[in-house]
Amino acid sequence: MTAHSGQPGHPGQAGQPGRPGAGPVVYDPVTLPADDNVNNYTFCVELKGNEWFLQKGKMIAYYGAIEFNGIGHGRLDRLVRTSFHSPLHASDWVVASGSGKMLLADRAFDVNSYDLDDGNLTIRSGNLLAFQPSLALKQSIVPGFLTLIGTGRFVAASNGPVVFMEPPIRVDPQALVGWADCPSPCHHYDHGYLTGVLGGLRALTGLGGVSGEEHQFEFVGTGTVLLQSTETLMPEQHTGAVPPEPGVPGSGAPGAAGPAAGLPRLPGQLGDLQRRFGL
Amino acid sequence: MFRLQGSKVLAVEMAGDAVKAKNGSMVAYDGQMAFKKLSGGGEGLRGMVTRRLTGEQMTVMEVRGHGTCWFADRASEINLVTLQGDKLYVEASNLLATDAGLRTGTTFTGLRGASQGNGLFTTTVEGHGQAAITSDGPAVVLRVTPQYPLSVDPGAYVAHQGSLRQSFQSGVTFRTFLGEGGGEAFQIRFEGDGLVYVQPSERNTIAGDV
Amino acid sequence: MAFREINSKMVEATVAPGQRLFSQRGAMLAYRGEVTFTPNVRGGQGGVMSMIGRRLANEDTPLMTVEGSGTVFFGHGGHHVHVVRLTGDTLYVEADRLLAFEGTLRQGTVFLGSQGGVMGMVRGQVSGQGLFTTTLQGHGAVAVMAHGGVIELPITPQRPVHVDPQAYVAHHGDVHNRLTTALGWRDMVGRGSGEAFQLELSGSGVVFVQASEEKL
């Protein structure tokens, strides 16, 4: 149950135009790959009467007779019931159906496909571009993340190529794309920095600054952690609201952890962290 | 002679000849180079007037000399196009450099311009020689034949060549159970024979929203 | 040695006891093992004089010391990363382009204008990065960032290279720098504009140029 890249080795390398002199590779509906990368930044989906879910605004071109519908209307209702198990922001997604080939891309970010084989993978909502309806998309307990469960292929974007890491590892929150089969994503704070006389002094005066690395996400156990190559976040995509119940993270209900509680503060403003460590 | 150094830097070797390039796109050179500002995209007064009217902004310089000159534009990917008497249509902002022998002009493209809200005119490049066009991420070159028409998001369109007809097509119906959306998105449909350059990124457009 | 390029935007560094690294603050992506990250007040080595130089130069890019034992992954801002290995010579680089470098390298600040006289002094204003440039000297590796990746252009005595100051990333070797302007260039960009100059590098060495006229 691991997530792996849709194409072994380096996705899309084969599609890169041979340079120099050879001239660009020209594609037509026959030579475009089926459900695979055209280059590192473009993915081609082949439709043969089946459907794909995609985030609005990610289709750049298509051949053939493809219809795009907002999700949840008419005959697609059944599909949505089985694939969308949460009150996601429905208007952010469209269903592509018909036959032909379509190209997906996202602001020239790196694009990769992943196969899940009866598995699960949790991904930052802004990074998910498209997925096959055989996968079920659910909100993660971790706010801002979505979980895909089942068997099928999905396409995700990242700022710089995705690097796969094995736990144990500590990850900068902004560099985290997602994780598969890892039961234990948790927060890790640099105690040595926050505590002690020097830490207190730093907190009081702001002198010395912070390194920006006082807080990480820690993964232990078995599984795979997906990391992008820069700490520049992709813009968030709404995952939809969660029921306002106690005990539900992000719901804002009494007893629930506030959405910002676990987030790192600005440098020099450790806020409740200082309280937590008695500073 | 145009040559790519990596995918984002264009190296042009010159032996007394000249190249037209986007103003300010020179990042380095060796040898002796002289730079000259060309007004109105290099096609003289008439072109300048057309540009004033159309709002297609393109400031161009002419570089002439002996040696190698390197060009780049905000880390954009560069695609080389060889023209053999045919015509290349390209968004003015995506044209990085052309052989000095190529003619550049402005053409009315109608609908696509309207959908982008950034003018109704596109730059054309004509003649025999090489041109370098930029794209946000490496462009995918797609062939259009009578059997295989192509629909392109206006925001991802970079350039096209050949004999192609463009039309406006509304692609998506947003009928959601939440009653959200409701808007229609548009694509440009290309029919005929030719090549279309598409970038893996979308400029902000008024209508392209799939 | 200490840096391994994972892909065009990410490097892996090994830290061991006694082998510390310096890196730009906030550029750590992930790490394994027991590694600590301490902000540098002094900006690496160099003492008080260097610090004053830095303040003047506006080159007080915040650095942190990376110590311990383990592996650390660095990347920053979606910029391309280029690893330069130094074998005793000096690398001149704008401080905010430094992603990480080995602790074995001596860090300093130089006044680039000293080479080119009055014209050279303008150089800082041209690129808006101060009159001073960071130098790294010794044996070790440096990870440098650039917008859109870099190309390496060799400089030979017969073949000086002119670089747009905005696109200049770093250089090393026995190289002299001065400001020049090409024929017609000033008419084009406008007289009196700082962009009217190019950095001329002559001697023998290598200059790194990025694929963009935008500073970091």
Side-chain angles (χ1 to χ4, degrees), chain B residues 3-14 16 18-42 58-79 93 96-97 132 134-138 201, chain C residues 8-9 77-80 82 127 145-171 177 180-191 193-203 206-216:
Chain B
R3 171 169 64 83
L4 287 176
Q5 192 150 347
S7 60
K8 294 172 177 158
V9 178
L10 171 72
V12 183
E13 269 127 51
M14 278 177 278
V19 63
K20 283 189 278 188
K22 194 172 182 172
N23 217 348
S25 60
M26 184 276 291
V27 292
Y29 68 87
D30 62 14
Q32 294 295 317
M33 294 290 158
F35 297 85
K36 195 169 99 190
K37 189 175 185 172
L38 297 179
S39 40
M58 185 169 76
T59 41
V60 174
M61 61 183 179
E62 188 189 73
V63 187
R64 184 181 292 276
H66 291 266
T68 308
C69 195
W70 286 271
F71 300 95
D73 186 22
R74 284 167 295 151
S76 303
E77 293 283 328
I78 300 173
N79 313 270
S93 55
L96 178 69
T134 57
S135 55
D136 187 13
S201 169
Chain C
S8 61
K9 295 179 177 178
H79 295 300
H80 285 245
H82 190 78
S127 59
M145 292 184 288
H147 186 216
V150 296
I151 55 168
E152 246 181 85
L153 299 180
I155 304 163
T156 56
Q158 303 80 30
R159 193 173 175 270
V161 176
H162 298 77
V163 180
D164 181 347
Q166 313 284 321
Y168 165 82
V169 174
H171 73 269
N177 63 81
T180 57
T181 185
L183 188 64
W185 183 258
R186 291 180 74 182
D187 292 332
M188 208 169 61
V189 295
R191 265 170 219 282
S193 148
E195 303 221 19
F197 297 98
Q198 286 112 30
L199 188 64
E200 183 190 277
L201 299 159
S202 54
V206 170
V207 58
F208 299 98
V209 181
Q210 70 175 12
S212 168
E213 330 81 303
E214 270 174 27
K215 291 203 306 132
L216 288 192

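Residue numbering restarts at 1 for every chain, and letters A, B, ... go by the order of the sequence lines.
- Contact between C:Ser212 and B:Ala72 at its shortest, heavy atoms only, is N-CB, 3.9 Å.
- A distance of 12.0 Å separates CG of C:Leu201 from CG of B:Asp30, quoted to the nearest 0.5 Å.
- Between the CD atom of B:Gln32 and the NE2 atom of C:His162 there is a distance of 7.0 Å, given to the nearest 0.5 Å.
- Remark: the B:Lys8 side chain and the C:His147 side chain contain no N/O donor-acceptor pair separated by less than 3.5 Å.
- Nearest heavy atoms, C:Gly148 versus B:Ala75: CA-CB, 3.5 Å.
- For chain B, the nearby parts of C:Ala211 are the backbone and the side chain; heavy atoms of each come within less than 4.5 Å.
- Across C:Arg159, C:His80, C:Gln158, the residue that shares the most heavy-atom pairs under 4.5 angstrom with chain B is C:Arg159.
- With contacts defined as side-chain heavy-atom distances shorter than 4.5 Å, the pair C:Val161/B:Tyr29 does not qualify.
- Residue contact with chain B, scored on non-hydrogen atoms closer than 4.5 Å, involves the side chain of C:Leu153 exclusively.
- Around atom CD of B:Glu13, more than 12 heavy atoms belonging to other residues, nucleotides or ligands sit under 6.0 Å away.
- Considering all non-hydrogen atoms of both residues, B:Val27 and C:Gln210 come closest at CG1-O, 4.1 Å.
- Only the side chain of C:Val209 comes within less than 4.5 Å of a heavy atom in chain B; its backbone stays farther off.
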